Amino acid sequence: MKFASIIVDVPAMQTDRAFDYKIPDEWQELITPGMRVIVPFGPRKVQGFVIETKNHSDFNRLKSITELLDLTPCLTPELLQVGHWLTEKTLCFKISAFQVMLPAAMKAKYEKVIRLARDQELVSLPEMLLPYFQKTDQVNLKDIEKTISLAFIQKQIKLGHLELIYKVKQKTNKKMVKVIKLNVPVSQLEQLINELPSNAKKQMDILNYFKLNSKSQIQLQELLVEAKTSDTSVKSLISKGVLIEESKEIYRDPYQDRNFKQTSSLQLNQEQQNAIAPILSSVKHSHHEVFLMYGVTGSGKTEVYLQSIEEVLKNGKEAIVLVPEISLTPQMVHRFKGRFGSQVAVLHSGLSIGEKYDEWRKIQRKEVKLVVGARSAIFAPFDNLGMIIIDEEHESSYKQEENPRYHARDVAIYRAQLHKCPVVLGSATPTLETFARSQKGVYKLLTLKERVNRRSMPGVDIIDMREELRNGNRTMFSTSLIEKLQDRLSKGEQSVLFLNKRGYSSFVMCRDCGFVIQCQHCDISLTYHRHGQKLKCHYCGHEEHMPKVCPECQSEHIRFFGTGTQKVEEELVKVLPESRIIRMDVDTTGKKGAHEKLLTKFGNKEADILLGTQMIAKGLDFPDVTLVGVLAADTMLNLPDFRASEKTFQLLTQVSGRAGRHELPGEVIIQTYAPEHYSIQLASQYEYDLFYEQEMLLRKNHAYPPYYYIALVTVSHPEITKVVSVTEKVSQFLRRNVSNETKILGPVASPIPRIKDRYRYQCMVKYKREKNLNETLRKIIEHFQQDITSNDLLITVDLNPSTMM
DNA sequence: AGCACGCCGACT
DNA sequence: GTCGGCGTGCTC
């Protein structure tokens, strides 16, 4: 094993292959596939992943591995395999596939440093460089670049005065603390204390501390405080050999200050028992199978998850539970921590880089058996997986919207096949793809129709807002909604108001000429922000002031339209001045933990109305909420997306589930301008099955998933002519290389035709069977390689896109 | 991605 | 004749 094949951290087509390196003698036995290393690559050093070790290499000018970063491989053989599979399935670079499986902390950072050349006297350096090298012999290039031109530095390097070195830095790493250990038996302490010189008071204090507390080890920091001493005294005891100092890895535990109430299994009802039986059997027999647990909100899916996991753990295996953007549902974390305590690791986007790394380390070191996390937790480095659960299977956050564009559900099924274990997908409103598979018998359908508390779903009223307008109500609240809000207020019950903001931001329009203010760099309207009277672009961040007159016709009747949560809040205060309102949106939940704080406040009944966007739709469970209002149910229907109806249906069902979850009966008000739309009608009647049938018909007629697969190729470039011509060539090439059954649509402009000064065109492939599609798409990217590397062209391929944007 | 190499035009 | 523009090709 003298050689290693390594994937280097250079995400480019030309370097997307293994490079061979010599393994230095001292690491011959050590290096195994899946480890990270640092290797020389061209003039610099980069991080890389060992994917293979071997006795022979065809290349004869091999360099050696410079540094070893792991002692245990951070990618198991199985994860290496998953990485290769990801590369194939999403057409991404190998290095990107490996990196996405690891916490961000393990990705390298690169730095260029200027150093005084060897044998170089400081005095012979040009004067302007002197201040930099007074104290140190190394300066970061970034710092020096600000004041001294790059050309000058380059010259100095050529002259041999300076040297350029490439540094590979690790991001956050293991958090270490110093631990002080007693190096002698406690029984000897008495004698040692007496032997100390009489002026060594502090040392006596330290030893007395150990004697009295009968501890054999303590963190240095703690010891200093407890024994009221300084580290010099500790040091002298160390030099006497009485104490020893060690470094120990500690974990940043984001949940350390919380107490989780221990819970135990609940009695399952008949439906739940029927649902869990096949899952348990699959676990026991190590049999791979995909289950769709289709259960209405409140049917007790989570309890089924919990008891299935118990079985997995009992079998000595591990489990992964995916939940959508977990920080949104602290209640979920509580349920898992409550049942499984310290056996659980939690991975979600609310954690810092360091905290995520620590949770990951717990998994790697086999200190936990279960991980609850968002999308990327699907790559948890378990090697004896017994089950994977994906809760709220229909959630769009399971699809990564940047490279590698993977769907956690696909990864889950692939890993579960390798581990011969079940996958459980849970939802009250499964995606059509998943439900269709369960109808075909590809997935096994488990149904929970009954709610655990036997309560019926809250009644839903659809309010036609056009009618309201005709009756002279110009506000955004229907008469009925206001009445009901008032009623809850007087009864001391709580309400949730939901504003579906997607595709409905507060844009600015001239009432006289109809001109809408758009971003200069992107083809979308700017959003009005009350704070500072500014207009902001949500795509590129461009900001400008709100104009006094219309830039087109100079009219003064220029106003913002649409509804933001801020505006709703203002209006609400006008109508219900005595109500206490909590507003939740990006502005109020920006800071870490702000989200949970607001929810806790609401839970403590410090407010009557919770007003918010998407984020409040999920997992909220407050006993005193008896009214849910949806302010504009149809805004999403108008998005240019074939899943618009499906998403609307899912959202409305989801939101309705927030009302009357406990003793008090709930009520839902849906305000809309399209009351007759089937997704709104059927959601209000909780008719998933009918919705499924109706929507499937449409999908069939228009050749959309689940009847067809979709691949979306998006081309972008600063010049529109370039974009059009490339997209044209792409579609032609595709047409020539696919079967007759496959449909190629486009080129057409993307739904957002320009972002950050780049024009965007796309081409859609609809196919049923196309064995060589991935290969064809790869060829396209390869063909335009020159334009991509040197002409700022971008071609992105999304296989099974979840949005058309 | 970086970087060197190499081939053309504009200049001391 | 030389400096520097960026197209081309390589990195074990």
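Only heavy atoms go into these numbers, but all of them, side chains included; no hydrogens, no water, no symmetry mates. This is a predicted model, so every value here is computed, not measured. Below, read A as the first sequence line, B as the second, and so on, with proteins coming before strands; counting in each chain starts at 1.
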Under 3.5 Å side-chain donor-acceptor pair for [X] and [Y]:
X        : Y        : result
A:Lys109 : A:Gln47  : no
A:Ser5   : A:Lys54  : yes
A:His407 : A:Gln400 : no

Nearest-nucleotide pick for A:Leu62, side chain only, options being B:dC3, C:dC12, B:dA1: C:dC12
A:Thr15, nearest nucleotide to its side chain (from B:dC3, C:dC12, B:dA1): B:dA1
Once you apply a heavy-atom cut-off of 4.0 Å, does [X] come out as touching a base, just sugar-phosphate, or nothing?
X        : result
A:Arg61  : sugar-phosphate
A:Gln786 : nothing
A:Tyr166 : sugar-phosphate
A:Tyr21  : sugar-phosphate

C:dC12 OP1/OP2 closer than 4.0 Å to side-chain N/O of A:Arg17: no
Below 4.0 Å: OP1/OP2 of B:dG2 and any side-chain N or O of A:Lys45: no
What is the distance, to the nearest angstrom, from the [atom1] atom on [X] to the [atom2] atom on [N]?
X        : N      : atom1 : atom2 : result
A:Lys63  : C:dC10 : NZ    : C1'   : 11 Å
A:Met13  : C:dG9  : CE    : P     : 17 Å
A:Gln785 : C:dG9  : CD    : C1'   : 12 Å
A:Gln47  : C:dT11 : CD    : P     : 22 Å
A:Glu111 : B:dA1  : CD    : C1'   : 17 Å
A:Phe41  : B:dA1  : CZ    : C1'   : 9 Å
A:Ile38  : C:dT11 : CD1   : P     : 21 Å
A:Ile7   : C:dC12 : CD1   : C1'   : 12 Å

Base of C:dC12 and ring of A:Phe19 stacked, centres under 5.5 Å, planes under 30°: no
Pair A:Leu799-A:Leu712, side-chain contact (heavy atoms from CB on, under 4.5 Å): steps then yes or no: CA-CA 6 Å; A:Leu799 289 143; A:Leu712 189 67; over 6 Å; no
Ring centres under 6.0 angstrom apart (A:Tyr110, A:Tyr166): no
